[in-house]
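All remarks here apply to the structure that follows.
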Amino acid sequence: MGPLDLQVEVLGEAPDLVDNGWEDIEEASLQTYSDIATVLTGAEESVEGFPDTVLSAGTGTYRVRAYAAGRDLAWDLVVDEVVERYKLQIWPAPYAPPRIVQHRSAHPVMGY
């Protein structure tokens with residue numbers, strides 16, 4: 001628990017897969033009923049200061065690729081400084097099962 005670094009990118013199509021030092025990369029489908037996505041806290045409250053994300057194709061099905069790094073540095077601890085970083089890439093795509101691209105950390109996002 002504590003602060004983290006989060007980037008959200010909305011794309012028009014699937015991006016090339018680029019590692020650039022990420023430990024875990026996973027993908028899942030997302031069905032939306034709004035053209036706005038909001039980042040929420042664990043208590044399901046909007047994150048103050050983090051802008052809503054406008055989805056490029058409106059409502060529908062998207063693919064989300066989650067990149068994570070730093071999850072092992074303070075596992076299950078409360079931190080005051082950023083140790084974990086994440087990037088979410090979102091693009092319109094038909095439904096597909098979740099996919100684990102790579103797991104290098106001891107505590108991957110999907111927990112496998």
Side-chain angles (χ1 to χ4, degrees):
M1 294 176 45
L4 56 86
D5 179 46
L6 173 64
Q7 302 169 37
V8 178
E9 299 176 348
V10 178
L11 310 168
E13 60 187 36
D16 292 334
L17 187 63
V18 178
D19 180 317
N20 285 339
W22 295 98
E23 296 165 352
D24 301 320
I25 304 172
E26 302 173 0
E27 291 183 4
S29 289
L30 169 70
Q31 176 68 44
T32 66
Y33 300 97
S34 171
D35 61 350
I36 301 291
T38 303
V39 175
L40 301 176
T41 67
E44 296 187 14
E45 298 172 351
S46 296
V47 175
E48 187 176 327
F50 200 94
D52 286 341
T53 301
V54 177
L55 301 174
S56 59
T59 62
T61 306
Y62 288 81
R63 193 71 174 163
V64 178
R65 182 177 294 153
Y67 298 81
R71 293 180 46 82
D72 294 335
L73 298 175
W75 175 251
D76 207 24
L77 298 174
V78 176
V79 297
D80 295 324
E81 296 180 12
V82 172
V83 295
E84 295 181 26
R85 56 188 185 93
Y86 298 89
K87 178 169 72 171
L88 300 177
Q89 293 178 317
I90 306 169
W91 65 92
Y95 173 83
R99 178 171 86 113
I100 298 169
V101 178
Q102 75 181 24
H103 277 175
R104 294 183 183 154
S105 72
H107 302 94
V109 177
M110 286 189 195
Y112 296 107

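The first residue of the sequence shown is numbered 1, and numbering continues consecutively from there.
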*Is there a donor-acceptor pair under 3.5 Å between the side chain of R63 and the backbone N or O of A96?*
yes
*Could you pull out the closest heavy-atom pair between L88 and A66, with the gap in Å?*
CD2-CB, 3.7 Å
*Taking C-beta and beyond as the side chain, do V54 and V10 meet within less than 4.5 Å on heavy atoms?*
no
*Distance from L11 atom CG to I90 atom CD1, nearest 0.5 Å?*
8.5 Å
*How long is the span from the CD atom in E26 to the CZ atom in R65, to the nearest 0.5 Å?*
12.0 Å
*Backbone of W22 reached by a side-chain donor or acceptor of Q102 within 3.5 Å*: yes
*Please name the pair of heavy atoms, one in N20 and one in R85, separated by the smallest distance, quoted to 0.1 Å.*
O-NH2, 4.4 Å
*Where do G21 and A69 come nearest, in terms of heavy atoms and distance?*
O-CB, 4.4 Å
*Does D35 use its side chain to pair, donor to acceptor, with the backbone of A57 at less than 3.5 Å?*
no
*Closest approach of P94 and S29, non-hydrogen atoms and distance?*
O-OG, 4.0 Å
*So does E23 pair up with R104, basic N to acidic O under 4.0 Å?*
no
*CD (Q7) with more than 12 external heavy atoms under 6.0 Å*: yes
_Please determine whether residues W91 and L6 belong to a single hydrophobic cluster, defined as Ile, Leu, Val, Met, Phe, Trp and Tyr linked transitively by side-chain heavy-atom distances below 4.5 Å._
no
*Would you say V101 and Y67 make side-chain contact, with heavy atoms under 4.5 Å?*
no
*What distance do I25 atom CD1 and H103 atom NE2 have between them, rounded to the nearest 0.5 Å?*
9.5 Å
